[in-house]
2 protein chains.
Amino acid sequence: MRLTSKGRYAVSAMVDLNKQQDGPVTLAAISERQFISLSYLEQLFRCLRESGLVKSVRGPGGGYLLAKTAKDISIAEIIRAVNEPVRTTMCENGVRGCHRGNRCDTHQLWESLGQHIYRFLDAVSLEQVCAKDAVLDHIELGKIEDYLSSNKLPEGAVKIEAVS
Amino acid sequence: MRLTSKGRYAVSAMVDLNKQQDGPVTLAAISERQFISLSYLEQLFRCLRESGLVKSVRGPGGGYLLAKTAKDISIAEIIRAVNEPVRTTMCENGVRGCHRGNRCDTHQLWESLGQHIYRFLDAVSLEQVCAKDAVLDHIELGKIEDYLSSNKLPEGAVKIEAVS
DNA sequence: TTATACTTGACTAAAATGGTCGGCTTTATA
DNA sequence: TATAAAGCCGACCATTTTAGTCAAGTATAA
């Protein structure tokens, strides 16, 4: 998982989609409201659909709908959907640094940070972002404590590609 | 503050520097150990010096030294030192989205995430990263709770440049 | 005075990003 | 059943950013 503006565009689009009440929402409409080019939205929604976050209705009157309720969609899922699966870090394949047997010093730092970011984004749902007076600082703190105490490593955690 | 490999290189170099015990450390030596090109290190250390994290000794036998103790240098400082100051997000200058008076929906999300990352990196010191058996997950959790309860907004927090 | 090491600025190759374009398929409805 | 609305899909491309090189300095210990 990487943090790029592509992911941010995707989140904006999903927020917009969630706010529209009835029937399929066309990309053209999202494009106008969010100032994202239609072609780019097509790219993003293809990813979102393939990840099972939205479903499409073709033909006139068609558009996109959320495939699950907003409460069950995390921001992490959205961002992951539009980014390529992470390449393995250099720490594993030994191209530079972190090789010849000695584990690199900063490895754990980046891994820890990556998990930290992942936990944050995974703990925030689309619904929470859409809520008018969401106070994310408090929302996520509780969740994060749960994660840490449960000690499970979230699959697909954020990779801060380590270099040496 | 941005998270790029430039920052990761800088952290690796600082870790290396801190591990060398006596006297100034030459960039040539760091270059060899960390597999970072000398020219690139020069660029990085210029930033680090200008930010007051290291000091240089010129001439033969010269090199670089930490300007403060490792305990007093946070990873956030290192990364900030080698990256340009953040441009204001689009949310403020109204180029696209988030303009015409209505504050963008995702603004708070990215701001919150940015602060979250910042707090993490600010709570970890160079010394901790160098410590052999550091368990960052636990180290940072305590500190983060302090931050949240003390309610102060760290200046220069991480910006996840918001787009809409 | 010379070799070592930092200092500085200009330049550049490669990759990522954020798109565009054109043509296709599905389907409601007139 | 013709047509237009909408999604689907693959190829392509310009710009920016990143990571790095190069060349020409300056300071200083020995």
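Residue numbers start from 1 in every chain, and the chains themselves are labelled A, B, ... in the order their sequence lines are given, proteins ahead of strands.
- Ranking D:dA23, C:dG22, D:dG20 by closeness to the A:Glu42 side chain, first place goes to C:dG22.
- Atoms CG (B:Leu38) and P (D:dA23) sit 14 Å apart, rounded to a whole Å.
- Counting heavy atoms from C-beta outward, B:Asn18 and B:Ile73 have side chains that stay 4.5 Å or more apart.
- Nucleic acid contact class of B:Thr26 (heavy atoms, under 4.0 Å, all strands): sugar-phosphate only.
- For A:Phe45 and C:dG19, the CZ to P distance is 15 Å, given to the nearest whole Å.
- For B:Leu41 and C:dT8, the CG to P distance is 16 Å, given to the nearest whole Å.
- Positionally, the nearest nucleotide of DNA chain C for B:Ala28 lies more toward the 5' end than for the other of A:Gly7 and B:Ala28.
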Margin query: Walk me through whether A:Gln34 and A:Val15 qualify under side-chain contact (heavy atoms from CB on, under 4.5 Å).
Written below: CA-CA 10 Å; A:Gln34 301 299 323; A:Val15 167; over 6 Å; no

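- In this structure, B:Leu27 places its CG atom 10 Å from P of C:dA5, rounding to the nearest Å.
- Listed by chain and number, the residues in a side-chain contact (heavy atoms from CB on, under 4.5 Å) with A:Glu42 are A:Leu27, A:Leu38 (sequence neighbours excluded).
- Residue B:Tyr64 is in sugar-phosphate contact alone, with no base atom involved, counting any heavy-atom pair closer than 4.0 Å across all strands shown.
- For C:dG19, the OP1/OP2 oxygens have a side-chain nitrogen or oxygen of A:Tyr9 closer than 4.0 Å.
- Summarising the geometry, the separation between NZ on B:Lys6 and P on D:dT17 is reported as 12 Å, rounded to the nearest angstrom.
- At a cut-off of 3.5 angstrom, the base of D:dC9 holds no donor-acceptor pair with the side chain of A:Gln43.
- Of the possible donor and acceptor atoms, one in the side chain of A:Ser31 sits under 3.5 Å from a partner among the backbone N and O of A:Ile36.
- Taking atom CG of A:Leu44 as the reference point, atom C1' of C:dT17 lies 12 Å away to the nearest angstrom.
- Listed by first then second residue, pairs satisfying side chain to side chain donor-acceptor pair (under 3.5 Å) with a partner in residues 50-61 of chain B number zero, not counting sequence neighbours.
- Within residues 52-60 of chain A, the residues having any heavy atom under 4.0 Å from DNA chain D are, by residue number, A:Ser56, A:Val57, A:Arg58, A:Gly59, A:Pro60.
- Ranked by how close their nearest DNA chain D nucleotide is to the 5' end, B:Tyr40 and A:Gly63 are led by A:Gly63.
- Using a distance-only test at 3.5 Å, with no hydrogens or angles considered, no donor-acceptor pair links the side chain of B:Gln20 to the main chain of B:Leu17.
- Using the six-membered ring where Trp is involved, A:Tyr40 and A:Tyr9 have ring planes that are perpendicular, over 60° apart on the 30 and 60° scheme.
- B:Arg49 has a side-chain polar atom (N or O) that falls below the 4.0 Å cut-off from OP1 or OP2 of C:dT8.
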